[in-house]
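As structure tokens, the structure follows; a few thoughts come after it.
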Amino acid sequence: MSPPLSRRRLLALGGSAGTISLAGCLDSITGSEQEVCSSGYRDVGEVFTKRSIVDYLRYASLTVPQSIASGEQLVATLTNESTDPLTTLGKPRYMIQRLSPDGMWRNTIGVPNEYEWSPSQRVLEPGEEFRWEMTLSVSEFSGPFERCTIHTPATYRFIYWGFSEHDAGIALAAPFEVVE
């Protein structure tokens with residue numbers, strides 16, 4: 001059996017826990033690169049590990065505004081540009097990433113810890129679109145998402161990764177700037 005904690009040890013442990021909690025809050029306030037999802041949410045990073053992210057596909061286009069002001073609505077549109085139906089895995093298969101100072105793209109939104117991606121398919125007929133409208137703030141995202149990082153002025157990209165069949169390993173990206 002372990003001896004009881006001394007008052008000094010208990011205070012040291014409490015101080016460490018408080019410092020760690022405060023650091024997470026400060027990262028959220030300052031827009032640090034550390035991703036801090038709310039309790040019960042997780043980063044979606046694992047879905048991109050085996051995907052090629054491209055900015056052009058001959059059969060689909062992804063459009064976003066070149067820039068939006070902080071707090072302004074982001075509108076992203078995926079259009080089937082081909083003459084054939086395009087099978088997708090639905091609207092919730094998107095991500096928003098921020099370009100970090102080290103040149104790496106970092107996810108900025110997450111999903112509930114227990115969330116599972118639906119295998120259901122949605123066919124977009126030629127010319128048909130998926131459209132997302134959202135403000136880059138907490139709880140303003142289409143689908144199961146929650147913001148994990150504050151969207152401060154920087155370069156971002158909207159990514160759609162719900163292509164099925166022969167392009168399951170492809171994700172289509174469109175960059176945009178958040179400005180003051």
Side-chain angles (χ1 to χ4, degrees), residues 33-68 72-100 103-152 154-178:
E33 287 304 311
Q34 179 179 355
E35 287 135 21
V36 183
C37 289
S38 299
S39 177
Y41 283 81
R42 64 180 165 82
D43 186 325
V44 189
E46 75 277 358
V47 299
F48 294 109
T49 57
K50 295 180 182 172
R51 293 182 191 280
S52 296
I53 299 176
V54 300
D55 59 5
Y56 171 80
L57 290 172
R58 62 179 165 41
Y59 53 83
S61 64
L62 182 61
T63 57
V64 296
Q66 283 187 321
S67 65
I68 62 168
E72 203 172 67
Q73 190 174 58
L74 171 68
V75 177
T77 306
L78 174 76
T79 305
N80 177 359
E81 301 287 354
S82 77
T83 56
D84 298 317
L86 176 63
T87 303
T88 72
L89 296 172
K91 278 182 78 171
R93 308 279 176 134
Y94 74 90
M95 175 52 58
I96 297 173
Q97 292 184 325
R98 178 183 179 161
L99 184 61
S100 65
M104 300 295 294
W105 289 99
R106 309 268 188 229
N107 296 343
T108 65
I109 57 178
V111 294
N113 288 333
E114 62 283 340
Y115 186 77
E116 294 184 26
W117 301 103
S118 170
S120 65
Q121 295 184 339
R122 166 81 158 69
V123 175
L124 289 179
E125 296 300 326
E128 192 176 3
E129 302 174 336
F130 277 150
R131 183 178 173 98
W132 299 266
E133 297 179 18
M134 65 195 79
T135 304
L136 300 182
S137 60
V138 176
S139 302
E140 292 287 327
F141 298 96
S142 174
F145 299 100
E146 178 78 21
R147 182 186 73 190
C148 293
T149 307
I150 294 175
H151 294 98
T152 56
T155 300
Y156 293 84
R157 65 183 179 180
F158 184 95
I159 302 170
Y160 181 73
W161 57 275
F163 298 105
S164 64
E165 297 172 359
H166 65 280
D167 283 332
I170 297 288
L172 183 58
F176 64 97
E177 297 284 327
V178 171

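All residue numbers in this chain count up from 1 along the given sequence. No experiment lies behind these values; they were computed from the predicted model shown.
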Enter the distance from Leu172:CG to Asp55:CG here, rounded to the nearest 0.5 Å. 8.0 Å

Could you tell me if the side chain of Leu89 sits less than 4.5 Å from the side chain of Gln121, heavy atoms only? yes

Within a strict 4.5 Å, meaning less than it, do heavy atoms of the Ile68 and Tyr156 side chains meet? no

Does a side-chain heavy-atom distance below 4.5 Å link Phe145 with Met134? no

Under 4.5 Å between any side-chain heavy atoms of Thr135 and Leu74, yes or no? no

For the residue pair Thr88 and Arg93, establish whether any side-chain heavy-atom pair is separated by less than 4.5 Å. no

To the nearest 0.5 Å, what is the distance between CD (Glu146) and OG (Ser39)? 11.0 Å

Decide yes or no for Thr63 and Thr79: does some side-chain heavy atom of the first lie under 4.5 Å from some side-chain heavy atom of the second? no

Report yes if the side chains of Arg147 and Thr108 come closer than 4.5 Å at any heavy-atom pair, otherwise no. no

Between CG of Leu78 and CD of Glu128, what distance do you get to the nearest 0.5 Å? 10.0 Å

Okay, side chain of Thr155, backbone of Leu99: is any donor-acceptor separation there less than 3.5 Å? no

Check this for me: Glu116, atom CD, are more than 12 non-hydrogen atoms of other residues, nucleotides or ligands nearer than 6.0 Å? no

A side-chain contact here means heavy atoms from C-beta on lying under 4.5 Å apart; do Trp105 and Ile159 qualify? no

Treating Arg42 as the side-chain partner and Tyr115 as the backbone partner, does any N or O pair qualify as donor plus acceptor under 3.5 Å? yes

Could you walk me through whether Ile96 and Arg157 pass side chain to side chain contact (heavy atoms under 4.5 Å, CB included), step by step? CA-CA 6 Å; Ile96 297 173; Arg157 65 183 179 180; over 6 Å; no

For the CG atom of Leu136 and the OG1 atom of Thr149, what is their distance to the nearest 0.5 Å? 11.5 Å

May I ask you to decide if the ring planes of Trp132 and Phe158 are parallel, tilted or perpendicular, using 30° and 60° as cut-offs? tilted

